[in-house]
Amino acid sequence: MMMIKKVASKTKGFGLAALAATLVMMSSGMVVSQEASRRPVIKVLTPIRVIEDPYPVFIGIGVNTETDEVVISDNNRAALLTYDRLTQTEGVAEPLRQIIGPKTLLGDVCGLSIDPMNQEIYVVDNDSADTMSVFSRESKGDVSPKRALETSHGAWGVFLDRDHDELAITIEHNNQIAVYRRMAEGDEATLRIIQGSRTQLADPHGIFVDSLHDEIAVTNHGHWHLVQTGEGETIGSQLIKTAEGYQEGGDREALLGPPALPYSTGKFLPPSITVYRRLANGDVEPLRSIQGPRTKLNLPLGIWVDTIRDEIIVANNDDAILFFSRTANGDVAPLRVIQGSFTQLSSPSGIFLDTKNEELWVANYGNHRATVYPITAQGNVAPLRVIRSASSQAPSTGVNSVGNLAYDPVRKQILVPN
């Protein structure tokens, strides 16, 4: 899988389905013609049939409390959608605006952060490009970002620390937290990083900077491998600034041969929440770690620190929102849980705590819905409001990004989620 990801990111725009098919042919001994440069010459094939989710799939979420708007990243169609905060409809909600199209540089969009002061939206791209893009609040349609920053490969979460004018980004593949100045763009270097064997970072995703207590909290899926401090992997798009804005450059037509695979150091750890000093730099141990069977953590994604109630809030993949004490450490049970059939939670991924309106917003990856709850909700409670991007009967395929591929030897067909 890592080989597929590494080669795929070198060929953005080429077609991951064709790439995966090529890798199957290569691994099965089928002949692939080559140029003199020994790069495989690939023929793009039309699929026999396609299973597709045509609707927006929500993953990251944020509330602009100055304009009463909710911004949600659409991982399925590579888009950003903006809705009125008070949207309430039984059917499909109509967005106020959407940012979508090739000029946007958006691809496998995940985490986002909103800057109400400067009226900007920050969004990171995970596996299809190595980019953090910045858009103005009013942006809509196929527009270039105001700024774009090259990141290491596999960025998932982004958080704007307005108090210190910094951006913190998680890099899942290299177990890294990267901190930049807010206005960073192009190939600008980090201000500092947290990375190394002592950090306990293991496939980090959600991130929150608690400027009140000078801490950074991160969710970890638990997929660990040994990395060196400062190790990067920028193998996606290279950004070129033109008169029309940022564009992608580089050679997208040639598929490079797969790199030699190093000795594996990988292992699976229990999922966790790790907390660091805000100014930590290098290979540092966390201040605290929440980890173990009592925590109920299961592929945790979005995270928020409620500094008023002294709680850590986590979007948990088993259709639940977990609440922990902010200072919790070790194998501890949640203080309370939102979970059950009435909640309409389904693989929650992004969360945002709107303290101005006393509401907790959740983006649900599994059912085309954003749900909002009272800030003190617990148990099997119905949401206050729901934003739907598809009808309640519309299934979610859950195949937005390449995760696995399979070969059907009977039908002689390759099956690729893309």
Side-chain angles (χ1 to χ4, degrees), residues 58-62 73 75 110-113 124 126-127 154-161 167-179 194-195 199-210 213 215-225 268-278 280 285-307 311-339 345 347-353 360-366:
F58 296 158
I59 190 164
I61 193 166
S73 58
N75 184 259
C110 293
L112 65 84
S113 194
V124 290
N126 186 240
D127 277 341
W156 196 94
V158 57
F159 190 88
L160 171 63
D161 178 4
L167 288 165
I169 298 174
T170 53
I171 309 296
E172 61 169 307
H173 301 323
N174 282 327
N175 298 335
Q176 182 187 91
I177 298 170
V179 180
I194 300 174
Q195 186 183 34
T199 66
Q200 299 180 34
L201 289 170
D203 200 356
H205 278 72
I207 186 168
F208 186 96
V209 179
D210 177 359
H213 300 99
E215 294 178 345
I216 298 176
V218 175
T219 59
N220 297 276
H221 281 186
H223 311 127
W224 185 91
H225 67 285
F268 294 105
L269 302 175
S272 67
I273 300 166
T274 47
V275 181
Y276 308 87
R277 290 186 302 106
R278 183 183 66 83
E285 293 181 356
L287 298 172
R288 300 181 300 278
S289 177
I290 301 174
Q291 187 179 49
R294 297 180 63 200
T295 68
K296 299 185 178 180
L297 290 171
N298 177 20
L299 295 180
L301 289 169
I303 186 171
W304 199 271
V305 178
D306 182 351
T307 56
E311 293 178 339
I312 295 176
I313 310 169
V314 177
N316 211 42
N317 191 60
D318 62 349
D319 305 342
I321 305 297
L322 310 179
F323 298 78
F324 298 91
S325 168
R326 183 186 64 82
T327 57
N329 191 25
D331 186 10
V332 295
L335 298 174
R336 69 181 191 276
V337 178
I338 301 176
Q339 188 175 36
L345 293 170
S347 297
S349 54
I351 56 176
F352 184 95
L353 190 65
L360 175 64
W361 283 85
V362 181
N364 293 276
Y365 185 78

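Just so you know, these numbers come straight off a predicted model, no measurement behind them.
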Pairwise distance [atom1]([X]) to [atom2]([Y]) - rounded to 0.5 angstrom:
{"X": "Ile312", "Y": "Thr327", "atom1": "CD1", "atom2": "OG1", "result": "8.0 Å"}
{"X": "Leu360", "Y": "Ile338", "atom1": "CG", "atom2": "CD1", "result": "5.5 Å"}
{"X": "Leu322", "Y": "Ile303", "atom1": "CG", "atom2": "CD1", "result": "10.5 Å"}
{"X": "Ile313", "Y": "Asp306", "atom1": "CD1", "atom2": "CG", "result": "5.0 Å"}
{"X": "Asn329", "Y": "Ser289", "atom1": "CG", "atom2": "OG", "result": "7.0 Å"}
{"X": "Tyr276", "Y": "Ile207", "atom1": "OH", "atom2": "CD1", "result": "9.5 Å"}

Minimum heavy-atom separation for [X] to [Y], with atom names?
{"X": "Leu345", "Y": "Ala320", "answer": "CD1-CA, 4.1 Å"}
{"X": "Ser73", "Y": "Gly60", "answer": "OG-N, 2.7 Å"}
{"X": "Leu269", "Y": "Ala202", "answer": "CD1-CB, 4.2 Å"}
{"X": "Ser349", "Y": "Leu301", "answer": "O-CB, 3.4 Å"}
{"X": "Phe324", "Y": "Thr295", "answer": "CZ-O, 3.4 Å"}
{"X": "Gly111", "Y": "Val158", "answer": "O-CG1, 3.6 Å"}

- Can you list every pair that meets salt bridge (Lys or Arg N to Asp or Glu O under 4.0 Å) and has a residue in residues 312-323, with sequence neighbours left out?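 Qualifying pairs: none.
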
| message | Tell me which pairs pass salt bridge (Lys or Arg N to Asp or Glu O under 4.0 Å) where either residue lies in residues 288-305, with sequence neighbours left out. | response |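 Applying salt bridge (Lys or Arg N to Asp or Glu O under 4.0 Å) to every pair that reaches into residues 288-305, excluding sequence neighbours, yields Glu215-Arg288.
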
Backbone of [Y] reached by a side-chain donor or acceptor of [X] within 3.5 Å:
{"X": "His221", "Y": "Pro300", "answer": "yes"}
{"X": "Ser272", "Y": "Gln291", "answer": "no"}
{"X": "His225", "Y": "His223", "answer": "no"}
{"X": "Ser347", "Y": "Gly366", "answer": "no"}
{"X": "Asn316", "Y": "Ile321", "answer": "no"}

Side-chain contact test, heavy atoms from C-beta onward, threshold under 4.5 Å: evaluate it for [X] versus [Y] and give yes or no.
{"X": "Pro271", "Y": "Thr219", "value": "no"}
{"X": "His173", "Y": "Asp127", "value": "yes"}
{"X": "Asn126", "Y": "Glu172", "value": "yes"}
{"X": "Leu201", "Y": "Gln195", "value": "no"}
{"X": "Arg326", "Y": "Asp210", "value": "yes"}

### Qualifying residue for side chain to side chain contact (heavy atoms under 4.5 Å, CB included) with Gln176, from Ile171, Ile169, Thr170, Thr199
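For Gln176, the side chain to side chain contact (heavy atoms under 4.5 Å, CB included) check succeeds only for Ile171.
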
query: Can you check side chain to side chain contact (heavy atoms under 4.5 Å, CB included) on Val305 and His213, steps first, answer last?
result: CA-CA 10 Å; Val305 178; His213 300 99; 5.6 Å; no

*asked:* Can you see whether Thr274 engages Asn220 through a side-chain donor-acceptor pair at a distance of less than 3.5 angstrom?
replied: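 There is such a pair (donor and acceptor under 3.5 Å, judged by atom type) between the side chains of Thr274 and Asn220.
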
Would you call the rings of Phe159 and Phe208 parallel, tilted or perpendicular if under 30° counts as parallel and over 60° as perpendicular?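 Judged by the thresholds at 30° and 60°, the geometry between Phe159 and Phe208 is tilted.
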
Check each of Phe323, Phe352, Trp361 against Trp304 using the ring-ring contact (aromatic ring centres under 6.0 Å, His included) test, and report the only one that passes.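 Of all the options given, the one that passes is Phe352.
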
